[in-house]
**Q** 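One structure is given below, represented as structure tokens, and several questions about it will come after.
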Amino acid sequence: MQGNQKVIDYMNFLLANELSARDQYFIHSRMYSEWGLTKLFDRIGHEMEDETLHAEGFIRRILMLGGTPNMVSAPVKVGKNVTEMLQFDLDTEIEVRDNLKKGIKLCEEEQDYVTRQLLVEQLKDTEEDHAHWLEQQLRLIKMLGEQNYLQSQMIGSSDPTHGH
Ligand SMILES: [Fe+2]
Ligand SMILES: [Fe+2]
């Protein structure tokens with residue numbers, strides 16, 4: 001089925017957003033692992049998988065509409081410490097949220113309601129899961145201080161010393 005070119009082009013822009021969010025979580029999760037912050041590694045490694053699934057949703061939909069997925073990611077913002085990393089991730093999620101909303105409007109104008117549905121599902125993940133969790137962590141850092149917060153992030157389920 002040949003899809004609307006404007007919608008396909010915009011989905012390629014959103015795909016770039018998802019690929020860069022994935023890469024940002026990729027590098028941040030591995031930095032957490034290197035620093036022994038296993039709980040943060042677990043969570044952010046999981047976010048990387050979520051963004052991969054979001055990217056896959058766009059790739060499959062673009063292909064179905066007869067377009068060519070553009071596998072080029074937008075620039076990645078790598079933080080130098082935990083607070084900065086969480087803040088950069090939140091900035092990325094907010095940017096993604098705003099772009100998804102614009103895409104939903106475009107889908108309505110072009111009457112592509114199935115693509116619209118895909119964007120609404122990703123908007124829900126972005127707002128209620130990713131951005132919300134990041135906001136909670138930044139609030140905890142303010143409440144507890146960064147050192148206490150970091151201490152709470154050392155033991156995760158993938159830590160070999162962690163009992164199940
Ligand atoms: Fe996403
Ligand atoms: Fe996300």
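Computed over heavy atoms, backbone and side chain alike; hydrogens, waters and symmetry mates excluded. When a residue number appears, it is its place in the shown sequence, counting from 1. Note that the structure is predicted; figures quoted are calculated from it, not measured. When a ligand or atom number is given, it counts from 1 through the structure's own listing order.
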**Q** Is there an N/O/S atom in Glu51 that lies less than 2.8 Å from the Fe ion (ligand 2)?
**A**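 Yes - counting backbone and side chain alike, Glu51 has an N, O or S atom under 2.8 Å.
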
**Q** Can you measure from OG (Ser157) to CZ (Phe41) and round to the nearest 0.5 angstrom?
**A**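 If I round to the nearest 0.5 Å, the distance is 9.5 Å.
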
**Q** Using 4.0 Å as the upper bound for N to carboxylate O, is an ion pair formed by Arg61 and Asp112?
**A**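 Counted as a salt bridge, because a side-chain N and a carboxylate O are separated by less than 4.0 Å.
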
**Q** With respect to the Fe ion (ligand 2), please indicate if Asp50 possesses an N, O or S atom at a distance under 2.8 Å.
**A**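 No.
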
**Q** Report the name of the N/O/S atom of His130 located nearest to the Fe ion (ligand 2).
**A**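 It is ND1, the N, O or S atom of His130 closest to the Fe ion (ligand 2).
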
**Q** May I ask you to say whether Arg60 pairs ionically with Glu56, meaning some side-chain N is under 4.0 Å from a carboxylate O?
**A**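 Salt bridge between Arg60 and Glu56, a charged N being under 4.0 Å from a carboxylate O: yes.
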
**Q** Do Gln24 and Asp89 get their side chains close enough for a donor-acceptor pair, meaning under 3.5 Å?
**A**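 Distance-only check passes for Gln24 and Asp89.
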
**Q** By atom name, which N, O or S atom belonging to His54 lies closest to the Fe ion (ligand 1)?
**A**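 Atom name returned: ND1.
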
**Q** Is it true that the side chains of Asp125 and His130 contain a donor and an acceptor less than 3.5 Å apart?
**A**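 Per modelled atom types, Asp125 and His130 side chains form no pair under 3.5 Å.
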
**Q** Would you say Glu18 reaches the Fe ion (ligand 1) with an N/O/S atom under 2.8 Å?
**A**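 Yes, since at least one N, O or S atom of Glu18 sits under 2.8 Å from the Fe ion (ligand 1).
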
